[in-house]
There are 2 protein chains.
Amino acid sequence: MTTMKEIASRTGVSVSTVSLVLNNRDEGRVKPEIARRVRATAHALGYKSNPLARSLRTGKTRILGFVSEEVATTPYAGGIILGAQDAASSLGYMLLTVNTDGTSNEADEIATLKRYGVDGFMYAKMSNRYVDVPDSLRDWPLVLVDATDREGRFASIEPDEFRIAYDATKRLIDAGCERIAYIGCLEPLIAQAGRLEGYRRALEDAGRAFDESLVTNVLNNGPALKAVSDLFDRANPDGAFCFNDARAWYVYECAARRGLTIGRDVSVVGVDNHRVFAETLAPKLTTVELPHYEMGYWAAVKLVSMIEPDRDLAAFERPKTTAPLPALDVPMPAKIHCTLVEKESVRGENRSLD
Amino acid sequence: MTTMKEIASRTGVSVSTVSLVLNNRDEGRVKPEIARRVRATAHALGYKSNPLARSLRTGKTRILGFVSEEVATTPYAGGIILGAQDAASSLGYMLLTVNTDGTSNEADEIATLKRYGVDGFMYAKMSNRYVDVPDSLRDWPLVLVDATDREGRFASIEPDEFRIAYDATKRLIDAGCERIAYIGCLEPLIAQAGRLEGYRRALEDAGRAFDESLVTNVLNNGPALKAVSDLFDRANPDGAFCFNDARAWYVYECAARRGLTIGRDVSVVGVDNHRVFAETLAPKLTTVELPHYEMGYWAAVKLVSMIEPDRDLAAFERPKTTAPLPALDVPMPAKIHCTLVEKESVRGENRSLD
DNA sequence: CTGAAAGCGCTAACAC
DNA sequence: GTGTTAGCGCTTTCAG
């Protein structure tokens, strides 16, 4: 590890000059020629700054704390973390991730992150929920991810459920479906309202009437299958927008029992299906991915913007798009983009991905 | 943040004494009464050491680097990371996680971890593979996780595929199955050999002959289903040990088409099924979980043992067991424990979980 | 037994 | 423009 001291002595200047140059604060303070030489030797020696030393001095670590309680239990957490890490990395930050089991050790984990000097926090849940922000986080730069602050006081990044449903439903309409079912979830998830509304509005905008008999909200297993089966009997759908893969599967099962072919007699769009489900069990299923990667990415950008208000983040206006799904033999494009909504917009306006 | 200086002045001693006491190096160096008072004020002030300052001085950060390229793409990564984090946390360490896309940025990410001063590395793959250890990691404390060093020079933590298969097959035997099929994977995975051997030996130990016609290795989709179907036609199995959930599903499908009931006519054990698969689509499936959590846990313990050879890790001999699966209505116990094998044993002997 | 002092690598006033 | 100096919080000789 080569140090500033080394560069200083080799170049014949002082450490402070080196520091100025290497932090790009030399404009009008250090003679260009000197600056050039400093940079040259720094480069020649492969100098990398020591983040620890800097942090000890500045009180800033360029580390973001990522707090979640479900990192291990859902396959989606990875997407969020990946997005957050990518953004953080581009911004010169690192991510320090902790997971809490329930709420018991949450305070401890947060305390540990503070000891390590994180500059701010991301507080993530998997699948949008109302959360109470822990007291220990209230005075810190904080962004909620895939979660909603019950008090509505903290910034959060959430999927745009309305637009997810609107787009999905519109795809089904465009594909020529006449009777599009909505297979929702009976649990009181935040996503429910937005999705149902998106479904409704897409129909409306296409001049279709909303038909109650095409809608059902179900839980799991037998009763769920029964409910979807009833819907098939009463409404004879030729398209279905499904809350998730379990619900999509009920449609597959019902179709199979009636001799209907998915992709021909019934088109199905499902949200956020497990890869294995789509690949192995559900051919012809069109998948709408929730923007996990994007949520993580934006959350990190937003958080850094809170930590460094003066920093120019123009280059980060839009996150990288999610990798496309593996090619499936689907009747409609496999990828439908989503929108992210911020409570407090990064730049004073909401923006959408396209 | 209260500092040692503060404690020193309040107690009327010097910082060095405080440091001695708070690092438990006071034995025979500091008068017990003084030590007591130091500890008392430290406690009263809620003192927490500043890891940055310590690290700057000692050159040790108590941070472990976790390098993986598939954190986001598999639902299992979380388990490994969770285990590693739990162990690290108990040992007073943190985990700094980076993910690499392919190999392009791997060197960069590793360099970044080094700059942040990690004390050692875990290099993880998802689903045991032969890997070439990057040069940049060769001179560091290193443990491979769910991966095998092609040269056999570095410690690694891997699932004990033999015992997974042995146990699973034995369960089927104990459940009364007479003709137990092995539905393997056609890809050249390290797991294949061990599992097939475990299957074979379990049969042997039960006095059964190994029957080639009960074995098939398949890829995906149509051809796979066809192969499993052929196996059903020629060998009429009443039990099946399946490499993973996709393969388990082919058995379900074949059984369904023949009017056979899973859990009565055919018992099925599958490895590492996606939760949603088991819950929604595959009732009566017995799942053998790969020990992801344990692998992460052990890897972290092993790594710390390399970093601090003198540290007493007796309390960490056995990792916590994986959380039990949610209760399923299965014909056999849902949880089958696994064994971990280390290339270089932590304490000179291999151990098994029970 | 305890304290003074040096220094890890870096930044930021403040002189010159 | 550049160097000197002080100090972030901690550990670790080395005197006393």
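Chain letters run A, B, ... following the sequence lines, proteins first, then strands; residues in each count from 1.
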Hey, does Ser89(A) have a side-chain heavy atom less than 4.5 Å from the side chain of Asp86(A)? no
With heavy atoms under 4.0 Å as the rule, sort Arg29(B) into base, sugar-phosphate or nothing. base
Tell me: CG of Asp26(B) to P of dT11(D), nearest whole Å? 13 Å
Ser14(B) has a side chain; which of dT12(D), dG3(C), dA12(C) sits nearest to it? dG3(C)
How many Å lie between CG on Leu22(A) and C1' on dA12(C), as a whole number? 16 Å
Would you mind classifying the nucleic acid contact of Asn23(B) as base, sugar-phosphate or nothing, using non-hydrogen atoms under 4.0 angstrom? sugar-phosphate
Expressed in angstrom and rounded to an integer, what is the separation of Leu20(A) atom CG from dG3(D) atom P? 10 Å
Any side-chain heavy-atom pair from Asp119(A) and Tyr93(A) closer than 4.5 angstrom? yes
Among dC10(C), dC8(C), dG1(D), which nucleotide sits nearest the side chain of Lys31(A)? dG1(D)
Which part of the nucleic acid does Gly59(B) contact within heavy-atom distance under 4.0 Å: base, sugar-phosphate only, or nothing? nothing
Between Lys31(A) and Glu33(A), is there a side-chain N and carboxylate O pair less than 4.0 Å apart? no
Please report, rounded to the nearest Å, how far the P atom of dC10(D) is from the CZ atom of Arg54(B). 9 Å
Rounded distance (Å) that lies between atom P of dC10(D) and atom CZ of Arg57(A): 15 Å
Please report the distance, rounded to the nearest Å, between NZ in Lys114(A) and C1' in dG9(D). 20 Å
For Ser16(B), report the nucleic acid contact type (base, sugar-phosphate, nothing); a contact means any heavy atom under 4.0 Å. base
side-chain contact (heavy atoms from CB on, under 4.5 Å) test vs Phe66(A) passes for just one of Val98(A), Leu303(A), Leu113(A), Ile80(A), namely Ile80(A)
Between Thr41(A) and Thr11(A), is a side chain to side chain donor-acceptor pair (under 3.5 Å) present by the stated rule, with each step listed? CA-CA 7 Å; Thr41(A) 50; Thr11(A) 323; 3.1 Å; yes
Side chain of Met4(A): nearest nucleotide among dC10(D), dT11(C), dG3(C)? dT11(C)
Decide if atom CZ of Arg10(B) counts as having more than 12 heavy atoms of other residues, nucleotides or ligands within a radius under 6.0 Å. no
In terms of side-chain heavy atoms of Ile34(B), which of dT2(C), dT2(D), dG7(C) is nearest? dT2(C)
Contact nearer the 5' end of DNA chain C, comparing Val15(B) with Thr58(B): Val15(B)
Quick one: Lys60(A) NZ to dC8(D) C1', roughly how many Å, whole number? 15 Å
Is the phosphate of dT11(C), meaning OP1 or OP2, less than 4.0 Å from a side-chain N or O of Ser19(A)? yes
Gap between atoms CG and P, on Asn24(A) and dC10(C) respectively (whole Å): 15 Å
Would Asp135(A) and Arg138(A) pass as an ion pair if we require N to O under 4.0 Å? yes
The nucleotide from dC10(D), dC8(C), dC8(D) with an atom nearest the side chain of Lys5(A) is dC8(C)
Presence of Thr17(A) side-chain N/O under 4.0 Å of dG3(D) phosphate oxygens OP1/OP2: yes
When the nearest nucleotide of DNA chain D is assigned to Arg25(B) and to Leu56(B) on a heavy-atom basis, which residue is associated with the more 5' position? Leu56(B)
Is there a residue in residues 35-52 of chain B whose heavy atoms reach under 4.0 Å of DNA chain D, and which residues are they? Tyr47(B), Ser49(B), Asn50(B)
Hey, does Met94(B) have a side-chain heavy atom less than 4.5 Å from the side chain of Leu64(B)? no
